[in-house]
Chemist: 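Quick one: the structure is below, and I'll ask about it shortly.
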Amino acid sequence: MVKDCVTAEEITVEHTSSEYKLDEEKPSVADVEKSGKVSEEPVYDVYGNEEEHSIRYKTMSWVKCGVVMIAETIALGVLSLPSVLLTVGMLPGILLIVGLGVIATYTGYNLGLFRLNHPTVCNMADAGEIIWGPFGKYLLGAGQVIFLVFICGSHCLTGAIAMSTLTDNATCKVVWALVTGVVAFFLTLPRTLDRISYLSFVSSASILTSVFITIIGTGVESAPNGAPPHPHIIVNTTTPASFYNAFSAVTDVIFAYAGHLAFFNFISEMKNPREYPKSLYLLQAVDIIIYTLAGALIYKFTGQYTLSPSISSMSITLRKVTYGIAIPTILVAGVINGHVVSKFIFTRLFRGSRHLHEHTMIGWGTWVGLCALTWFIAWIISQVIPIFNDLLGLVAALFASMFTYGLSGYFWLFDNYGKWRKRPILSVINALVFALGLTILGLGMYASVKSIIVSYQTGQAGTPFSCS
C-alpha cells in the first residue's frame, strides 16, 4: 500500500530543473507562507490519509492518469483543425499547432510544480485561494464549473449529431442529446478517477481510430464532400478571412489544448504526484502529433473544400463509420469533465466528513444527485441557448485562455516572488506566458462576441429545443 501523506520537506521543488527534484537547501514556498519554517507535520489534501478508508481516491498510476488526460483533452474537436489551416495556411497552421502545444506542455508542467509546492490544492478553486484569497477561490472555482458544464453540453450536442447521422435523422436531435446525457450520467457514477480510467482506454482508442479513418477516408475518396464532379482540382490555399475569423481559428487550436483546467484534479488522485510529468509528456506527445497529422493531411487532401468538422468532408457511409467508432470518445470525454465538476462540488460539501470515504446513503445519494444535476444542466443549456456553439467559444476565450496559458505563468511568478532577479530567463518566460493568456482572453472575447453578432445578423442562430 502506498502511503499518501506528503511531508512539507518532501514537496519542495527546484523550478529550474527539467525534472521534479528535492531542494534540501530551503523550505517549500507553502511552508514559508504559513510559518516561515519547515513544519514536521504531514500536509494533507482534501482526501487526507486514506489507509483506513473504504473508498480510496489516490490510486491512479501515471499511465492511467496520462490516458485519462488524453481522453479528456483529445475529442472530435481535433477534426476542426484542418479548417484552421484553410484559414491561416498550411505552414502557419502547423507552426501554430506545434507552437501552442509546446507552450501548453510547459504550462502543464508549471501546474505540477505549483501542486507540489501546495499539496492541499485539488482544483482551480484551491489554487485561486492561495494566490488571491477568497476572491480567487470563488472566481476560479466558478470558472472551472461553468467551463466544464458547457463542455458537457457540447458533448450532448455532438452525441445528437452523431446519432442523427447514424440513424438518418430518425429521431429529433433534442431526444438524442437527452439520450447522450443519460448514458453519460450513468458512466459518470464511479466515485474515483481510477475507475473512470478504464473507460479512458476505450475512449483514447476510439478517437485515434476515428482520426485515422478520417485521414484515410479523405485521402482515398475521389472527391471531398462539396466538391464538383471530376475533373476538379484540390488547391491548398487560404481563403480570405476577417480578423475575427482568423483569430477564431486560433482559438480552435487553443481549445484543443484546453484540458489544463482539470489537471489539479487528476494529480490529486495519483498514487505518486511526482510522476505527473510522465503523464503530461504522454498526453502532449500524443496530442501534438495527432493534431499536426490530422490538420496537415486532411487539409492536404480536401484543400479549398475543407469542412469543419472534417467528418463532413467524407461520404455519408464513411461519416457513419467514423461517428459510430467515435461514440465512446463522445461519451467518455464528456464523462470525465462531468466527473470532475461533480467531484469538485462533492468534496466541497463533504471535506473532512466520513461521507467522502465511506459507503453511506448520504454520500452516495449526494454523489448520484450531483452527477444527475450536472448532466441535466448540460443538456438544458445545450438546447435552450440558440447560439450555444458561439457562447461556448466565448466561455473558452474567458477561461481556457487563462487555465491553459495565463495562470500557469502567474503561478510560477507567485511561487518565485523575490527570486525573479536570480532566475531572470524563467521570470521573463513566465511573464510572457501570463501576458499571452491575457492577450488570448481579450482577442478571443472580441472574436467570440463578433461571431455571436454575425450569427444573429445572418439568421444562423437556432431556436430553443430545435430538431433541426
Chemist: Any heavy-atom pair between the side chains of N272 and W62 that's under 4.5 Å?
Modeler: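 When only atoms from C-beta onward are counted, N272 and W62 do not touch, as no gap falls below 4.5 Å.
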Chemist: With a 3.5 Å cut-off and sequence neighbours excluded, list the donor-acceptor pairs that the side chains of residues 64-77 form with protein atoms.
Modeler:
residue: K64; atom: NZ; partner: D194; partner atom: OD1; Å: 3.1
residue: K64; atom: NZ; partner: Y198; partner atom: OH; Å: 2.9
residue: T73; atom: OG1; partner: M69; partner atom: O; Å: 2.9

Chemist: Which pairs, with at least one residue in residues 431-452 and sequence neighbours excluded, count as a side chain to side chain donor-acceptor pair (under 3.5 Å)?
Modeler: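 Side chain to side chain donor-acceptor pair (under 3.5 Å) check on residues 431-452 returns D390-S451.
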Chemist: Test of understanding: with salt bridge (Lys or Arg N to Asp or Glu O under 4.0 Å), list the residues that count as partners of D287, not counting sequence neighbours.
Modeler: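 Expected list: none.
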Chemist: Test of understanding: with ring pair (Phe, Tyr, Trp, His ring centres under 6.0 Å), list the residues that count as partners of W379, not counting sequence neighbours.
Modeler: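 Per chain and number, W379 pairs via ring pair (Phe, Tyr, Trp, His ring centres under 6.0 Å) with F465.
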Chemist: What residues form a side-chain hydrogen bond (donor to acceptor under 3.5 Å, both in side chains) with T404, not counting sequence neighbours?
Modeler: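 For T404 there are no side-chain hydrogen bond (donor to acceptor under 3.5 Å, both in side chains) partners, ignoring immediate neighbours.
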Chemist: Using a 4.5 Å cut-off on heavy atoms from C-beta on, say whether the side chain of N265 contacts that of Q144.
Modeler: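 Yes - at least one pair of side-chain heavy atoms lies under 4.5 Å apart.
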Chemist: If you round to the nearest 0.5 Å, how far is OG1 of T292 from CG of L85?
Modeler: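 These two atoms lie 9.0 Å from each other.
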Chemist: Pairs in or reaching into residues 326-345: which pass side chain to side chain donor-acceptor pair (under 3.5 Å), with residues at least two apart or in two chains?
Modeler: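 Counting only pairs at least two positions apart or across chains, the side chain to side chain donor-acceptor pair (under 3.5 Å) contacts touching residues 326-345 are S203-T329, E269-K343, H339-K343, S342-T374.
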Chemist: Listed by chain and number, what are the ring pair (Phe, Tyr, Trp, His ring centres under 6.0 Å) partners of H155, not counting sequence neighbours?
Modeler: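 By the ring pair (Phe, Tyr, Trp, His ring centres under 6.0 Å) rule, H155 matches no residue at all.
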Chemist: Ignoring hydrogens and geometry, is there a side-chain-to-backbone donor-acceptor pair from Q284 to A104 under 3.5 Å?
Modeler: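 Not confirmed, Q284 side chain does not pair with A104 backbone.
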Chemist: Does D45 come within less than 4.0 Å of R115, counting only side-chain N to carboxylate O?
Modeler: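 Answer for the salt bridge query: yes.
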Chemist: Residues two or more places apart in sequence or in another chain: which of them pass salt bridge (Lys or Arg N to Asp or Glu O under 4.0 Å) with R348?
Modeler: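 Scan of R348 (salt bridge (Lys or Arg N to Asp or Glu O under 4.0 Å), adjacent residues dropped) gives D126.
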Chemist: Tell me if the aromatic rings of Y57 and H357 count as close, with their centers under 6.0 Å from one another.
Modeler: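 Judged by ring-centre distance (under 6.0 Å), Y57 and H357 do meet the cut-off.
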Chemist: I146: which residues meet the side chain to side chain contact (heavy atoms under 4.5 Å, CB included) condition with it, sequence neighbours left out?
Modeler: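 Only F150, V395, F399 meet the side chain to side chain contact (heavy atoms under 4.5 Å, CB included) criterion with I146.
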Chemist: Side chains of L318 and T214: does their closest heavy-atom pair fall under 4.5 Å?
Modeler: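 In short, these two side chains do not touch, never coming nearer than 4.5 Å.
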Chemist: If I take atom CG from residue L283 and atom CZ from residue F266, how far apart are they, to the nearest 0.5 angstrom?
Modeler: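 Here the interatomic distance stands at 9.5 Å.
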Chemist: May I have all residue pairs that pass side chain to side chain donor-acceptor pair (under 3.5 Å) and include part of residues 248-260, sequence neighbours excluded?
Modeler: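 Every side chain to side chain donor-acceptor pair (under 3.5 Å) pair that includes a residue of residues 248-260, provided the two are not neighbours, is T107-H260.
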Chemist: Is there any side chain to side chain donor-acceptor pair (under 3.5 Å) pair reaching into residues 316-326, and which pairs are they, with sequence neighbours excluded?
Modeler: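 For residues 316-326: D168-K320.
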Chemist: Quick one: does S312's side chain have a donor or acceptor within less than 3.5 Å of a partner on S308's backbone?
Modeler: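 Side chain of S312 to backbone of S308: no pair is present.
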Chemist: Mind checking ring pair (Phe, Tyr, Trp, His ring centres under 6.0 Å) for F434 and listing every partner two or more places apart, or none if nothing turns up?
Modeler: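 In terms of ring pair (Phe, Tyr, Trp, His ring centres under 6.0 Å), with neighbours along the sequence ignored, F434 is linked to Y410.
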